[in-house]
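For reference, the structure discussed in these notes is given below.
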Amino acid sequence: MKTLLFAVLADVCLSSLVPEKEKNPQFWRQQAQETLQRALGLQQLNTNVAKNVILFLGDGMGVSTVTAARILKGQLQRMKGEEMVLEMDRFPFVALSKTYNTNAQVPDSAGTATAYLCGVKANEGTVGVSAAVTRSQCNTTAGNEVTSILKWAKEAGKSVGIVTTTRVNHATPSAAYAHSADRDWYSDNEMPLEAIRQGCKDIAHQLFENIPNIEVIMGGGRKYMFPKNTSDVEYPNEDKYRGTRLDNRNLIDVWKEQKPKDKNAHYVWNRTELRALDLNKVDYLLGLFEPMDLMYELNRNNETDPSLTEMVEVALRILRKNPQGFFLLVEGGRIDHGHHEGKAKQALHEAVEMDRAIGLADVMTSSQKTLTVVTADHSHVFTFGGYTPRGNSIFGLAPMQSDVDKKPFTSILYGNGPGYKTVAGERENVSLVDYAHANYQAQSAVPLRQETHGGEDVAVFAKGPMAHLLHGVHEQNYIPHVMAYAACIGENKDHCQSGAPHSLSTPLTVTSTLFSFLLLSLVF
């Protein structure tokens, strides 16, 4: 009798979770028909030449992370969450990307960055080089360097930018400009003496030497730019943030000296300085806001550190001044770090912040002129389940206890990682801890100090000129070839006509009102 009563109460509670409008079949039929009409509209493909290209890279943003971030975004707006629409969800074309490295079934961020930026798959731990290079072996590098779409865009006369929440010489951004047998060679201090003797250069050095006139560089990584033991401007008493360079060079000064005398180059290290800039008078910007990676969005100091969205706005306002267009790489890099630490709340708030930046870029650009791609380098062993009811907090408990150890569990779990914990030889009772805390480490099946990447495919969202070429399931290295084809840069330009739509396809027909047409022409 008691079991039956609980079942009836559960059915009543679950029924109350359903919004009234969703009980009407017509709601779902109408929604489907509206979606169908939008899909039919995609028959007229946008085959314009992409004046601008923006690549948003959510480091570690697998499909389960996208779904959980969607729910979180909705719940932050006092919705149930599942019905929320991310900015990337609005993109009309979606594909899957196979993320394996040439020597790894489950990849790392360096080999994958080489794929989606340079168009060539590579070994794990190496950046901007082919698979002929062995990790950490400097003498395998020469002759095996590969260039990125950022360089192709620069050589075509476009302005280029890098914005990241990690170090600017971290794995993802470094593949845009560096050629390194080891992703960890942040400065010469992290390099083996043999590699230095063989002529290899650290990644921070390459940032300013390989492509010296990158218009916008923003992120963290100050410590790698200064001579060893130089005190950090923000944390002068913390030894771990002191400069690391053994060559005694100040790369900030090197960056300033490289710039043409008739151009305005600005270096800033905090949000106040960034906001004080007259961006109409900025030709080059270097912003390094932390000694290492930027703070998590949940921990960010609003006075000293800009958000990812604020950095993207600044970057676009500078880059769009070039009449030939731009290429911008934006990395939400600390999604990955949150997962590695088992801190799902940190990771998902990072993903929501990146989606906010995507929305801002959408407002500041026109899809008639700008190809925007959103993807991830790899996934994580992150999941959520447990038959949670509609509107359950994404960080909440499953509605039942384990039928094995009789303990509750959170919906979010990791396959491995630091959240593995036993108490008196049994799984920890999570109802006795603050599982909603920002730094709570979700339970994992296997104990590891750092949670690992996942090996499944990741999503690729695309909108703008030639976005339809991202469809189905592709090798990850296909992505920059599509972006280059759309923008008529790089090697494959036989299809291009000056300023005209791509000649191999039927151009998009504009059928909007005169007001909409004029509005689009004004939006860059």
Side-chain angles (χ1 to χ4, degrees), residues 55-62 65 95-152 162 164 166-186 190-191 195 200-203 206-207 210 329 331-337 339-340 373 375-381 450-460 473-483:
L55 174 60
F56 282 94
L57 192 286
D59 197 314
M61 191 180 69
T65 298
L96 290 176
S97 167
K98 297 192 288 183
T99 64
Y100 67 92
N101 296 150
T102 46
N103 65 342
Q105 186 178 77
V106 178
D108 93 311
S109 296
T112 51
T114 304
Y116 63 74
L117 288 172
C118 303
V120 175
K121 285 224 172 191
N123 292 329
E124 65 87 25
T126 65
V127 291
V129 292
S130 74
V133 174
T134 302
R135 183 171 187 175
S136 301
Q137 293 187 16
C138 169
N139 60 4
T140 64
T141 305
N144 295 315
E145 300 90 346
V146 293
T147 58
S148 76
I149 186 169
L150 183 141
K151 186 168 186 178
W152 309 340
I162 296 170
T164 179
T166 66
R167 287 155 273 189
V168 295
N169 49 348
H170 209 252
T172 295
S174 64
Y177 57 82
H179 313 288
S180 180
D182 199 308
R183 57 175 286 179
D184 294 332
W185 291 350
Y186 299 121
E190 290 76 41
M191 295 178 67
C200 282
K201 300 297 183 183
D202 64 88
I203 295 171
Q206 294 188 56
L207 171 59
N210 291 1
L329 169 64
E331 183 197 18
R334 304 221 65 195
I335 301 169
D336 177 73
H337 295 174
H339 282 321
H340 278 310
V373 177
T375 189
D377 47 358
H378 54 74
S379 186
H380 277 267
V381 292
Q450 289 277 300
E451 176 265 5
T452 73
H453 296 168
E456 71 269 24
D457 299 348
V458 297
V460 186
V473 181
H474 299 293
E475 295 285 0
Q476 194 169 39
N477 67 292
Y478 173 69
I479 295 171
H481 293 281
V482 170
M483 295 189 292

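In what follows, residues are counted from 1 in the order of the sequence shown.
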Test side chain to side chain donor-acceptor pair (under 3.5 Å) applied to Asn123 and Thr102, step by step: CA-CA 5 Å; Asn123 292 329; Thr102 46; 2.6 Å; yes
Option from Glu124, Gln476, Gln105, Glu475 for which side chain to side chain donor-acceptor pair (under 3.5 Å) with Tyr100 holds: Glu475
Verdict with supporting geometry, His380 and His340, side-chain contact (heavy atoms from CB on, under 4.5 Å): CA-CA 8 Å; His380 277 267; His340 278 310; 3.7 Å; yes
Minimum side-chain heavy-atom gap His474-Val460 below 4.5 Å: no
side-chain contact (heavy atoms from CB on, under 4.5 Å) assessment of Asp457 paired with Val473: CA-CA 9 Å; Asp457 299 348; Val473 181; 4.0 Å; yes
OG on Ser379 to CD on Glu456, rounded to 0.5 Å: 3.5 Å
His339/His453 aromatic ring centres below 6.0 Å: no
Between Ser109 and Asp59: side-chain donor-acceptor atoms closer than 3.5 Å: yes
Residue pair Leu150 / Leu117, side-chain heavy-atom distance below 4.5 Å: no
For Lys121 against Thr99, the heavy-atom pair lying closest together: NZ-C, 3.9 Å
Approximate separation, where rounding is to 0.5 Å, of Tyr177 OH and Lys151 NZ: 14.0 Å
Separation between OH of Tyr116 and CG of Asn477, rounded to the nearest 0.5 Å: 13.0 Å
Presence of salt bridge, Arg135 and Asp182, under 4.0 angstrom: yes
Contact summary for Val127 and Ala110, nearest pair of heavy atoms: CG1-CB, 3.4 Å
Straight-line distance of Leu329 CG to Thr172 OG1, nearest 0.5 Å: 7.5 Å
Distance (rounded to the nearest 0.5 Å) between Ser97 OG and Asp377 CG: 9.5 Å
Val373 and Leu55, any side-chain heavy atoms less than 4.5 Å apart: yes
Exam field: side chain Glu145 to backbone Gly128, donor-acceptor pair closer than 3.5 Å: no
Nearest-0.5 Å distance that lies between atom CG in Asp202 and atom OG in Ser174: 11.5 Å
For Ser148 against Ala176, the heavy-atom pair lying closest together: OG-O, 2.6 Å
Shortest non-hydrogen separation from Thr166 to Arg334 and the atoms involved: CG2-N, 4.3 Å
Residue pair Thr114 / Ala122: nearest heavy atoms and the distance that separates them: CG2-CB, 3.8 Å
Donor-acceptor pair, side chain of His378 and main chain of Pro107, under 3.5 angstrom: no
Over all atoms of both residues, closest heavy-atom pair of Gly58 and Ile335: CA-CD1, 4.0 Å
Electrostatic pair Arg183-Asp108, nearest N-O below 4.0 angstrom: yes
Side chain to side chain contact (heavy atoms under 4.5 Å, CB included) partners of Val129, counting only residues at least two apart: Thr126, Val133, Thr141, His179
Val168 and Ile162: CA distance, side-chain angles, deciding distance, side-chain contact (heavy atoms from CB on, under 4.5 Å) verdict: CA-CA 8 Å; Val168 295; Ile162 296 170; 5.5 Å; no
Worked check of ring-ring contact (aromatic ring centres under 6.0 Å, His included) between His337 and His170: CA-CA 12 Å; His337 295 174; His170 209 252; 5.5 Å; yes
